**Q** 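Please read through the structure below; I'll follow up with questions.
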There are 2 protein chains.
Amino acid sequence: MAHLQGDLAKVLIEREIKPSYHRIRIYRYLVENRTHPTVEQIYSDLQKELPTLSKATIYNTLKLFSDKGIAKTMTIEEKEARYDIVEENHGHFKCKECGDIYDFKIDIDDLGTGDLNGFKIDQKDVYFKGICRGCQ
Amino acid sequence: MAHLQGDLAKVLIEREIKPSYHRIRIYRYLVENRTHPTVEQIYSDLQKELPTLSKATIYNTLKLFSDKGIAKTMTIEEKEARYDIVEENHGHFKCKECGDIYDFKIDIDDLGTGDLNGFKIDQKDVYFKGICRGCQ
DNA sequence: TTCCGTTTTGTAATGATTACAATTCTATAA
DNA sequence: TTATAGAATTGTAATCATTACAAAACGGAA
């Protein structure tokens, strides 16, 4: 436990992220709080110990983490909702480059319901992200 | 084709949606444009033919359609992004009632890559929605 | 036609996110 | 140790999708 900060710093360095103090603390927060926190939550919790922390830093840092692959955003990365006629058995692929969204066939019901016993599942969505053929 | 409006109206009535003219036109737009349109796109396209159409109506109507199950929103219904440490093989279940998000085990790589030949897939996300055990 | 409830409109408010310039920090070299 | 350059952080203002809400328009029943 004594080397926690150091261990975390190592992870950042491996991913080519300079381990500044704030970055380490934000990363540590994510590791210790597996609760899908919002920026707001991260901010209000960490501010108790880091009074000068600003939201802008959190946004910057999370964006950096996402780019480097050690954290990810849980929305499909849209601030604008998009709408769809209800239709079964397809997933959505979003190209990071051109932003286009492609449908692809997938049997979503093949997905087991995992360990969701007793849960009522109304909707199943599968989202992939990457680079489409045309943008490679 | 002559009865298009009427056919669409029937679908709405089946779902207990009073088929007002604007509602039919918005539904028709979704049926004819399988392009995951945004509210902005729906608005600017439909406005050419329906000059008095307002965005508020589109928001209202899409919300109604979603509630009645004939359309769906393609985001996980959050305006606030949530963050996650990168970790493999779990999906996210969001309870519509309490808003909590649960992880569940799933082998996402079991999902075939569908017909995405030549696409580079960086990230695969599975989102379920419904009612959790505690809220039933 | 009149009336009532529903739908639609327009605008103002909200709230997350981004942009950006100014400030602070950090590591390295003199 | 001090100076300096580049990176990180801050704070605030701007942006933009979405929601709230009251007023107006609409539509069907009597």
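Just so we're clear, the structure is a prediction, and the values are computed from it rather than from any experiment. We name chains A, B, ... by the order of the sequence lines, and we start the count at 1 in each one.
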**Q** Take atom CG of B:Leu53 and atom P of C:dT8, then tell me their distance rounded to the nearest Å.
**A**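 Spelled out: CG on B:Leu53 to P on C:dT8 is 9 Å.
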**Q** Using atom CG of B:Asn60 as one end and atom C1' of D:dT18 as the other, report the distance to the nearest whole Å.
**A**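 About 11 Å, once rounded to whole Å.
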**Q** Would you mind reading off the distance between B:Leu64 atom CG and C:dT6 atom P, rounded to a whole angstrom?
**A**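 Going from B:Leu64 (CG) to C:dT6 (P), I get 13 Å.
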**Q** Determine: side-chain N/O of B:Ser20 to OP1/OP2 of D:dC26, distance under 4.0 Å, yes or no.
**A**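 For D:dC26, OP1/OP2 do not have a side-chain N/O of B:Ser20 under 4.0 Å.
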**Q** How many Å lie between OH on B:Tyr43 and P on D:dT18, as a whole number?
**A**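 Interatomic distance, OH of B:Tyr43 to P of D:dT18: 15 Å.
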**Q** On the nucleotide C:dT8, are OP1 or OP2 found under 4.0 Å from the side-chain N or O atoms that B:Arg23 carries?
**A**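 Yes, such a contact exists.
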**Q** Could you check how far CD1 of A:Ile58 sits from P of C:dA16, rounded to whole Å?
**A**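 That distance rounds to 13 Å.
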**Q** Keeping the roles fixed (side chain from B:Arg25, backbone from B:Leu46), state whether a donor-acceptor pair exists under 3.5 Å.
**A**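 No, because the side chain of B:Arg25 does not come within donor-acceptor range (under 3.5 Å) of the backbone of B:Leu46.
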**Q** Return the value, rounded to whole Å, for the distance between atom CD1 of B:Ile13 and atom P of D:dG27.
**A**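 In whole Å, D:dG27 P lies 15 Å from B:Ile13 CD1.
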**Q** Calculate the interatomic distance between A:Glu80 atom CD and D:dT19 atom P; express it in whole Å.
**A**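 Value for this atom pair: 13 Å.
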**Q** Rounded to the nearest angstrom, tell me the gap between atom NZ in B:Lys18 and atom C1' in C:dC4.
**A**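 Rounded to the whole Å, the gap is 11 Å.
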**Q** Does atom NZ of B:Lys96 have more than 12 heavy-atom neighbours, drawn from other residues, nucleotides or ligands, at distances under 6.0 Å?
**A**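 Check passes, neighbour count above 12.
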**Q** Looking only at heavy atoms, which two atoms of B:Gln123 and A:Lys72 are closest? And how far apart?
**A**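 Nearest pair, atom of B:Gln123 first, then A:Lys72: NE2-CD, 3.4 Å.
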**Q** Does B:Tyr59 have a side-chain nitrogen or oxygen under 4.0 Å from the phosphate oxygens OP1 or OP2 of D:dT19?
**A**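 Checking B:Tyr59 against D:dT19: no side-chain N or O falls below 4.0 Å of OP1 or OP2.
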**Q** Taking for each residue the nucleotide of DNA chain D bearing the nearest heavy atom, is the 5' side occupied by B:Lys55 or by B:Tyr21?
**A**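 This one resolves to B:Lys55.
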**Q** Output yes when at least one side-chain N/O atom of B:Ser54 is less than 4.0 Å from OP1 or OP2 of C:dT9, else no.
**A**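 For C:dT9, OP1/OP2 do have a side-chain N/O of B:Ser54 under 4.0 Å.
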**Q** Can you tell me if the side-chain N/O atoms of B:His22 get under 4.0 Å from OP1 or OP2 in C:dT9?
**A**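 Yes, within the criterion.
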**Q** C:dA16 phosphate, OP1 or OP2: any side-chain N/O from A:Thr38 under 4.0 angstrom?
**A**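 Answer is no, no contact under 4.0 Å.
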**Q** Taking for each residue the nucleotide of DNA chain C with the nearest heavy atom, is it B:Lys79 or B:Ala56 whose nucleotide lies nearer the 5' end?
**A**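 So the residue in question is B:Ala56.
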**Q** Can you list everything that forms a side-chain hydrogen bond (donor to acceptor under 3.5 Å, both in side chains) with B:Tyr29? Sequence neighbours excluded, please.
**A**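 For B:Tyr29 the side-chain hydrogen bond (donor to acceptor under 3.5 Å, both in side chains) partners, ignoring immediate neighbours, are B:Asp45.
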**Q** If you find the nucleotide of DNA chain C closest to B:Ala81 and the one closest to B:Thr61, which residue's nucleotide is nearer the 5' end?
**A**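 The residue mapped nearer the 5' terminus is B:Thr61.
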**Q** Can B:Glu78 and B:Arg82 be counted as an ion pair, charged N to O under 4.0 angstrom?
**A**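 B:Arg82 and B:Glu78: salt-bridged.
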